[in-house]
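Below, chain A is the first sequence line, B the second, and so on; all start at residue 1. This structure is a prediction, so every number in the text was calculated from the model and none was measured.
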2 protein chains.
Amino acid sequence: MDNTQLFRLIGTISRQATSEVNRSASVYGLDNNLFLYLIRIVEQDGISQVALANQIKVDKTTLSRALTKLTTAQLIVKRTNPKNKKFKQLYATAKGQTYYNKVYQMEQDYIEAVLKPLQPNEKAMLGQLLTKISPSE
Amino acid sequence: MDNTQLFRLIGTISRQATSEVNRSASVYGLDNNLFLYLIRIVEQDGISQVALANQIKVDKTTLSRALTKLTTAQLIVKRTNPKNKKFKQLYATAKGQTYYNKVYQMEQDYIEAVLKPLQPNEKAMLGQLLTKISPSE
DNA sequence: CCTTTATAGTTGTATGTTCAACTATATTAT
DNA sequence: ATAATATAGTTGAACATACAACTATAAAGG
């Protein structure tokens with residue numbers, strides 16, 4: 001396998017995973033990556049939009065509109081940081097926590113299925129290698 | 001790093017790569033993954049749409065419309081398989097080949113940059129591990 | 001055969017994505 | 001201090017995506 005095949009494989013694996021988890025999450029109305037945003041907000045309470053966008057490498061305008069959907073669904077709230085009014089901090093509601101539990105489990109089920117072919121030491125190695133090529137900022 | 005972090009990292013790396021290569025390819029009007037489809041068609045002359053969709057894990061209706069764009073731009077042609085009229089085979093035109101050279105080089109440049117942190121043996125290992133978790137069909 | 005079922009590809013439609021440009025706030029430089 | 005610059009977030013508009021449902025062709029079953 002050459003570098004090109006390797007690189008393209010990452011995209012294929014990712015598209016497959018994204019499609020499949022989104023289809024599962026659509027049961028809760030959390031497709032179009034809404035599940036992903038909710039998960040990150042629950043796990044990083046108070047994060048700002050741009051920080052979140054940079055972390056997961058999604059377009060900030062796409063994220064802005066997706067977060068409006070999560071807000072309308074009352075799964076999160078946007079609170080302007082009183083110390084610095086430029087920032088809106090994101091918090092999950094109680095309802096958001098409940099939905100988080102559902103989609104988190106879906107993600108875990110998918111992860112377990114997809115990583116099943118790997119031994120623990122192989123997973124450790126894969127994690128290290130991916131970390132080396134992960135976006136810096 | 002746990003399984004969850006590992007899995008999410010694949011998505012992050014892929015989103016970053018997709019965004020960046022698409023932005024580069026937009027110079028040639030080949031963003032929205034058009035560059036990706038063109039590359040695969042050139043490298044697998046005569047492939048059918050569903051076969052291509054399955055291979056790269058994209059929705060067949062999205063692919064159908066994207067290929068209409070490539071056809072309009074005269075980069076590919078769709079030819080009904082005379083042996084089996086259900087299939088439309090995809091072929092690059094001479095113009096498509098020329099554009100292929102451009103976007104292929106862009107992809108190569110990105111690949112070189114992103115895989116630079118890895119030693120040759122690490123790349124071999126990463127390729128093996130990704131192959132193990134790649135979608136079967 | 002010929003009816004049923006399966007597969008390839010397209011289209012309608014609702015919704016999502018993303019670029020450019022904008023507002024609002026904060027930071028930096030003179 | 002205040003003008004210039006930078007950053008966070010939103011919005012308009014053009015276009016892409018993906019589900020459901022469709023047509024067309026072929027394959028399988030009786």
May I ask you to decide whether B/Lys102 forms a salt bridge with B/Glu107, counting only side-chain N to carboxylate O separations under 4.0 Å? no
Give a yes-or-no answer on whether the side chains of A/Gln97 and A/Asn101 include a donor-acceptor pair shorter than 3.5 Å. no
Could you tell me, to 10°, how much the axis swings from one end of the helix from C/dC1-D/dG30 to C/dT30-D/dA1 to the other, five pairs per end? 30°
Of B/Thr61 and B/Pro82, whose closest DNA chain D nucleotide lies nearer the 5' terminus? B/Thr61
Answer with base, sugar-phosphate or nothing: what part of the nucleic acid does B/Ser48 contact at a heavy-atom distance below 4.0 Å? sugar-phosphate
For a 4.0 angstrom threshold against heavy atoms of chain A, report the outermost contacting nucleotides of DNA chain D in 5' to 3' order. D/dT7 to D/dC19
Pairs satisfying ring-ring contact (aromatic ring centres under 6.0 Å, His included), at least one member in residues 110-137 of chain A, at least two apart: A/Tyr110-B/Phe7
For nucleotides 1-7 of chain C, list the nitrogen or oxygen atoms of the protein found under 3.5 Å from its nitrogen or oxygen atoms, one pair per line.
| unit_1 | atom_1 | unit_2 | atom_2 | d |
| --- | --- | --- | --- | --- |
| C/dT7 | O2 | B/Lys86 | NZ | 3.3 |

Can you give each donor-acceptor pair under 3.5 Å made by side-chain atoms of residues 61-71 of chain B, sequence neighbours left out, with the distance rounded to 0.1 Å?
| unit_1 | atom_1 | unit_2 | atom_2 | d |
| --- | --- | --- | --- | --- |
| B/Thr61 | OG1 | B/Asp59 | OD2 | 2.4 |
| B/Thr68 | OG1 | B/Ser64 | O | 3.1 |
| B/Thr71 | OG1 | B/Leu67 | O | 2.8 |

Which parts of residues 23-37 of chain A get close to DNA chain D, meaning a heavy atom less than 4.0 angstrom away? A/Arg23
Would you mind telling me which residue lines up with the more 5' stretch of DNA chain C, B/Ser19 or A/Lys85, judged by nearest nucleotide? B/Ser19
Test of understanding: with ring pair (Phe, Tyr, Trp, His ring centres under 6.0 Å), list the residues that count as partners of A/Tyr91, not counting sequence neighbours. none
Evaluate side chain to side chain donor-acceptor pair (under 3.5 Å) for A/Glu43 paired with A/Tyr104, printing each intermediate quantity in order. CA-CA 11 Å; A/Glu43 295 179 1; A/Tyr104 181 79; 5.3 Å; no
Inter- and intrachain pairs under side chain to side chain donor-acceptor pair (under 3.5 Å), touching residues 111-131 of chain B, at least two apart: A/Lys132-B/Glu122
For DNA chain D, what residues of residues 62-73 of chain B have any heavy atom nearer than 4.0 Å? B/Thr62, B/Arg65, B/Lys69
Exceeds 12 heavy-atom contacts within 6.0 angstrom, atom CD of A/Gln44: yes
Measure from the side-chain N and O atoms of B/Ser48 to the backbone N and O of B/Gln89, and report whether any donor-acceptor pair falls under 3.5 Å. no
Partners meeting ring pair (Phe, Tyr, Trp, His ring centres under 6.0 Å) with A/Phe87 (sequence neighbours left out): none
Where do A/Glu20 and A/Arg15 land on the salt bridge (charged side-chain N to carboxylate O under 4.0 Å, His left out) test, with the steps shown first? CA-CA 8 Å; A/Glu20 201 161 323; A/Arg15 282 189 297 273; over 6 Å; no
Would one find more than 12 heavy atoms of other residues, nucleotides or ligands at under 6.0 Å from atom NZ of B/Lys85? no
Residue pair A/Asn81, A/Lys88: steps toward the side-chain contact (heavy atoms from CB on, under 4.5 Å) verdict: CA-CA 6 Å; A/Asn81 183 329; A/Lys88 292 195 181 169; over 6 Å; no
Taking for each residue the nucleotide of DNA chain C bearing the nearest heavy atom, is the 5' side occupied by B/Lys88 or by A/Asn81? B/Lys88
Please collect all ring-ring contact (aromatic ring centres under 6.0 Å, His included) contacts where either partner lies in residues 49-81 of chain B, sequence neighbours excluded, each pair once. none
Table please: side-chain donor-acceptor pairs of residues 26-37 of chain B below 3.5 Å, with sequence neighbours left out.
| unit_1 | atom_1 | unit_2 | atom_2 | d |
| --- | --- | --- | --- | --- |
| B/Ser26 | OG | B/Arg23 | O | 2.7 |
| B/Asn33 | OD1 | B/Asn22 | ND2 | 3.2 |

Using only side-chain N and O atoms of A/Lys83, determine if any of them is under 4.0 Å from OP1 or OP2 of C/dA26. no
